[in-house]
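One structure below.
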There are 2 protein chains.
Amino acid sequence: MVQSVEESQGHKPAVEKRRIQILEAACAVMGKQGIAATRVGDVAKHLGISTGLVHYHFDTKDELLAAAFRHAAEKELAALRILVETGGTPRELLDVVINNFYPASGFSSWRLWIEGWAVALQSESFRQTVMELDEAWVEVLAEALTDGVASGDFSCVNPRDSAWRLACLIEGLAIQQVAHGGVINDVETRRLVADAVEAEIG
Amino acid sequence: MVQSVEESQGHKPAVEKRRIQILEAACAVMGKQGIAATRVGDVAKHLGISTGLVHYHFDTKDELLAAAFRHAAEKELAALRILVETGGTPRELLDVVINNFYPASGFSSWRLWIEGWAVALQSESFRQTVMELDEAWVEVLAEALTDGVASGDFSCVNPRDSAWRLACLIEGLAIQQVAHGGVINDVETRRLVADAVEAEIG
DNA sequence: CGATGAACTGACGGGTCAGTCAGTATGGTG
DNA sequence: CACCATACTGACTGACCCGTCAGTTCATCG
């Protein structure tokens, strides 16, 4: 059903287009059902193609899902980088990064990450993918802090440490909020993060 | 194989003993293979019993695994509470709590938690279990901070906020370290946590 | 000593699903 | 046009595994 995905990809060879279609379909299904409950047949059905064709482009299910996860995460990361490159004061840039890190309400990609970390415990291809992307993500935050320190706006003792602490704090809060919706809600998350940010940048 | 588990349980009815045997077997298998890869047959084989018997005591696999997860987590939590009750200065108690929160090297229960959060996205019984235990865990940390504030040793603005921030920070760091062993290692984790603790207690 | 029921076995049904394969459509090329 | 490679189909297989059930063992008690 629905192949709303003739955007953005230029004039690549047809095979590549199909590959990307399948990746995006896999992302859609994973987002809806979760990684563990995603079947090859579901991805095929989502595009109205046969399961054989999925396996024509991807040898195994594991390879497909890891590639799809990477595809989704790289897209989001690229979007964030573009936002950051448009410029602004260090403070504004930091806010942009933090806000796009967040489990904003209805922002389902945290569910994918939470499952991704779990799958990474078993699947080597996922482990590698999740690790690279986690680090790339923190890198963006670290740069924002470093720039702020360089310009004198922030006063972190060690921007890289601060970046890791903030990133891990946000990840932990995302789990509390997304995985089981406990006492931590969206408003509280923002407050806790905001306080931590202030403490880190002095 | 191996049923090294005739400890600790007093003279409960035989059924209850068997239930607990099965729960501990399930914990052992989950710890080794991960939650997602745990089969009812594996649990049975680990005890040298039939799969039928497992289903005699637990209606569904989901119920078994959620109960086993709760069993393991409650045991650890009880152990921590005993440690805390032995007393000490607020600073010592805080260190005990923080150190037992940690993904200490070889401490495999973080793997279970990481998978638990992911499973909680799909399974209602896991969601409930993981949520309750997460909160109980933070509660212990919050008490340690509150006591320290009361005695004047610490100066948190809001001990509960600090507890949540520290707990989430540690969870996030555990993921980085356990799930994909990226740039964050055990030594660095301890340093990052220690700095955050100092910042929180002033 | 029967009898009753709880604890337990192990074979099996029935459903699911990843990956295969023989065969079909399509579009480009000589 | 004939040829051929690439893209694609969909039925199928082989494996896996949860949960069931008919039947067995065993302890307890009237």
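Numbers restart at 1 for each chain; the letters A, B, ... are given by sequence-line order, proteins then strands. Computed from a predicted structure; not experimentally measured. Reckoned from all heavy atoms, side chains included, excluding hydrogens, waters and symmetry mates.
- Extent of DNA chain C lying under 4.0 Å from chain B heavy atoms, first and last nucleotide in 5' to 3' order, is C:dA6 to C:dA11.
- Applying the 4.0 Å criterion to OP1 and OP2 of D:dC8, one finds that A:Tyr56 has every side-chain N and O outside that range.
- With sequence neighbours excluded, no residue forms a salt bridge (charged side-chain N to carboxylate O under 4.0 Å, His left out) with B:Glu85.
- Not counting sequence neighbours, the partners of A:Gln128 by the side-chain hydrogen bond (donor to acceptor under 3.5 Å, both in side chains) test are A:Glu132.
- Residues meeting the side-chain hydrogen bond (donor to acceptor under 3.5 Å, both in side chains) test with A:Glu198, sequence neighbours left out: A:Arg91.
- Rounding to whole angstrom units, NZ of residue A:Lys17 and C1' of D:dA7 are separated by 15 Å.
- Regarding A:Leu47, its CG atom lies at a distance of 11 Å from the P atom of D:dC8, rounded to whole Å.
- Rounded to whole angstrom, the span from the CZ atom of A:Arg19 across to the C1' atom of D:dA7 amounts to 15 Å.
- Legend: residues meeting side-chain hydrogen bond (donor to acceptor under 3.5 Å, both in side chains) with B:Glu200, ordered by chain and number and at least two apart, are B:Ser162, B:Arg165.
- The side-chain hydrogen bond (donor to acceptor under 3.5 Å, both in side chains) search around A:Glu92 returns none, not counting sequence neighbours.
- Distance, A:Arg18 CZ to D:dA7 C1': 8 Å, rounded to whole Å.
- Remark: A:Asp161 engages B:Arg191 in a salt bridge (charged side-chain N to carboxylate O under 4.0 Å, His left out) (not counting sequence neighbours).
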Would you tabulate the nitrogen or oxygen pairs shorter than 3.5 Å linking the protein to nucleotides 19-22 of chain D?
unit_1: D:dG19; atom_1: OP2; unit_2: B:His55; atom_2: NE2; d: 3.2
unit_1: D:dG19; atom_1: OP2; unit_2: B:Lys61; atom_2: N; d: 2.8

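- The aromatic rings of A:Phe69 and A:Trp113 lie perpendicular to each other, with more than 60° between the two planes, well past the 30° mark.
- For the side-chain hydrogen bond (donor to acceptor under 3.5 Å, both in side chains) condition, the pairs that include at least one residue of residues 138-150 of chain B, sequence neighbours left out, are B:Glu139-B:Arg160.
- In this entry the distance linking CG of B:Leu65 with C1' of D:dC17 reads 13 Å, nearest Å.
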